[in-house]
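Structure first, commentary second.
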Amino acid sequence: LLCFCSNIGWLYYGYLKDDWTLITVNLIGASLQATYILVYIYYSTEKKNVLLKTSMALGVLIVAYFYFTTVVTEVNYRLSRLGLFCSVFTISMYMSPLVDLVKIIQTRSTKCLSFSLTVTTFLTSTAWTLYGLQLSDLYIMVPNSPGIITSLIRFWLFWQYPTGKEKHSSYRPLHA
């Protein structure tokens, strides 16, 4: 949901800036995220909870759209407010995998982390940070920097707690 909201926000930001890179990437991203959300809802056993969270996210997007189209009318001010709005979602999206940090350290297991997602996040956030640097756009550069930092933390966790070495509670030692 955070990624979907981020994609929609950046899509609108790209539209206001007439930046076809932002438009194209975030249109594809929003489409993929919407598909993922619909599939998740379909297969979810807790439909009520998932639908509630999805409805809340859509509500935030609708209120934001109303705010950015009717309340904030001056284009440069709209871009700066929208840039901050998108930054909040982007930073939240990059920080969300670290919610399990305490669990990972306690169990000494990185089972709940995806290595391929960590690599992808690192590459994506680095590319967007460099793109923001190239455009001198702090709203693109700054919120993507935490993606690099959180990816490096996750790489360190994978190095510190390799997947094959965690303790399995279902195995008991044999006594001879």
Side-chain angles (χ1 to χ4, degrees), residues 1-38 40 53-102 104 110 112-160:
L1 287 173
L2 286 172
C3 191
F4 177 74
C5 290
S6 179
N7 286 139
I8 294 295
W10 287 116
L11 177 62
Y12 186 49
Y13 185 83
Y15 170 76
L16 290 177
K17 287 190 79 166
D18 198 31
D19 182 331
W20 282 96
T21 300
L22 280 171
I23 292 169
T24 305
V25 169
N26 286 290
L27 183 62
I28 293 168
S31 300
L32 291 172
Q33 289 301 323
T35 303
Y36 173 75
I37 290 166
L38 291 172
Y40 187 81
K53 289 178 183 178
T54 305
S55 299
M56 287 174 55
L58 289 175
V60 168
L61 288 175
I62 290 167
V63 168
Y65 179 76
F66 175 75
Y67 173 76
F68 289 119
T69 57
T70 58
V71 177
V72 183
T73 55
E74 200 271 311
V75 176
N76 286 332
Y77 187 67
R78 184 184 299 171
L79 273 172
S80 68
R81 296 296 109 205
L82 183 58
L84 287 173
F85 177 81
C86 293
S87 296
V88 167
F89 279 103
T90 302
I91 291 169
S92 300
M93 180 183 69
Y94 285 135
M95 299 300 269
S96 63
L98 295 181
V99 169
D100 292 327
L101 189 60
V102 172
I104 292 166
T110 53
C112 60
L113 290 179
S114 166
F115 187 77
S116 58
L117 183 60
T118 301
V119 171
T120 305
T121 300
F122 178 75
L123 294 174
T124 302
S125 56
T126 301
W128 281 116
T129 301
L130 293 173
Y131 184 67
L133 187 63
Q134 179 186 6
L135 296 178
S136 298
D137 190 329
L138 292 175
Y139 294 116
I140 296 173
M141 185 175 40
V142 171
N144 283 288
S145 300
I148 298 170
I149 295 165
T150 59
S151 294
L152 292 174
I153 291 169
R154 288 184 278 164
F155 283 135
W156 179 81
L157 288 169
F158 280 111
W159 175 74
Q160 190 68 27

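Side chains are part of it too, since the values below use all heavy atoms of this structure and drop only hydrogens, waters and symmetry mates.
In this structure the side chain of Leu152 reaches within 4.5 angstrom of the side chain of Phe155, judged on heavy atoms. Side chains of Phe158 and Ile104 form no contact here, defined as non-hydrogen atoms less than 4.5 Å apart. Here the side chains of Tyr139 and Ser80 are in contact, with some heavy-atom distance below 4.5 Å. Looking at heavy atoms from C-beta onward, Val72 lies out of side-chain contact with Leu82 at the 4.5 angstrom threshold. Side chains of Leu22 and Ile140 form a contact here, defined as non-hydrogen atoms less than 4.5 Å apart. At a threshold of 4.5 Å between non-hydrogen side-chain atoms, the residues Phe4 and Leu1 do not count as touching. With a 4.5 Å cut-off on side-chain heavy atoms, Val60 and Phe89 count as touching.
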Subject >> Tyr94 and Asn144: CA distance, side-chain angles, deciding distance, side chain to side chain contact (heavy atoms under 4.5 Å, CB included) verdict >> reply: CA-CA 8 Å; Tyr94 285 135; Asn144 283 288; 2.9 Å; yes
**OP:** Take Tyr15 and Leu11, measure what side chain to side chain contact (heavy atoms under 4.5 Å, CB included) needs, and give me the verdict at the end.
**Re:** CA-CA 6 Å; Tyr15 170 76; Leu11 177 62; 6.0 Å; no
**OP:** I would like to know whether Phe122 and Thr126 meet side chain to side chain contact (heavy atoms under 4.5 Å, CB included); could you show each step before the answer?
**Re:** CA-CA 6 Å; Phe122 178 75; Thr126 301; 3.9 Å; yes
**OP:** Take Leu135 and Asp19 through the test side chain to side chain contact (heavy atoms under 4.5 Å, CB included) and record every step on the way to the result.
**Re:** CA-CA 10 Å; Leu135 296 178; Asp19 182 331; 3.6 Å; yes
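Note: Thr70 OG1 to Tyr67 OH = 10.0 Å, rounded to the nearest 0.5 Å. In this structure, the separation between NZ on Lys17 and CD1 on Ile23 is 11.5 Å, given to the nearest 0.5 Å. Remark: Leu123 CG to Ile148 CD1 distance equals 10.0 Å, nearest 0.5 Å. Taking OG from Ser125 and CD1 from Ile149, the interatomic distance works out to 9.5 Å, rounded to the nearest 0.5 Å. Atom SG of Cys86 is separated from atom CG of Asn7 by 10.0 Å, given to the nearest 0.5 angstrom.
A donor atom on one side chain and an acceptor atom on the other are not found under 3.5 Å apart for Tyr131 and Asp137. In the model, Trp10 has a side-chain atom that pairs as donor or acceptor with a side-chain atom of Thr90 under 3.5 Å.
Across all their heavy atoms, Ile8 and Ala30 have their closest contact at CD1-CB, 3.8 Å. Contact detail for Met95 and Thr150: the closest heavy-atom pair is SD-CG2, 3.4 Å. Residues Thr129 and Ser145 share a closest heavy-atom pair of OG1-N, 3.5 Å. The two residues Met141 and Leu138 make their nearest non-hydrogen contact at CE-CD2, 3.2 Å. Nearest heavy-atom pair across Ser151 and Gly147 is OG-O, 2.7 Å.
In the displayed structure, Tyr36 atom OH is contacted under 6.0 Å by at most 12 heavy atoms of other residues, nucleotides or ligands. Around the OH atom of Tyr40, the shell of radius 6.0 Å holds no more than 12 heavy atoms that belong to other residues, nucleotides or ligands.
Between Tyr12 and Phe68, the angle of the ring planes lies from 30° to 60°, which puts this pair in the tilted group.
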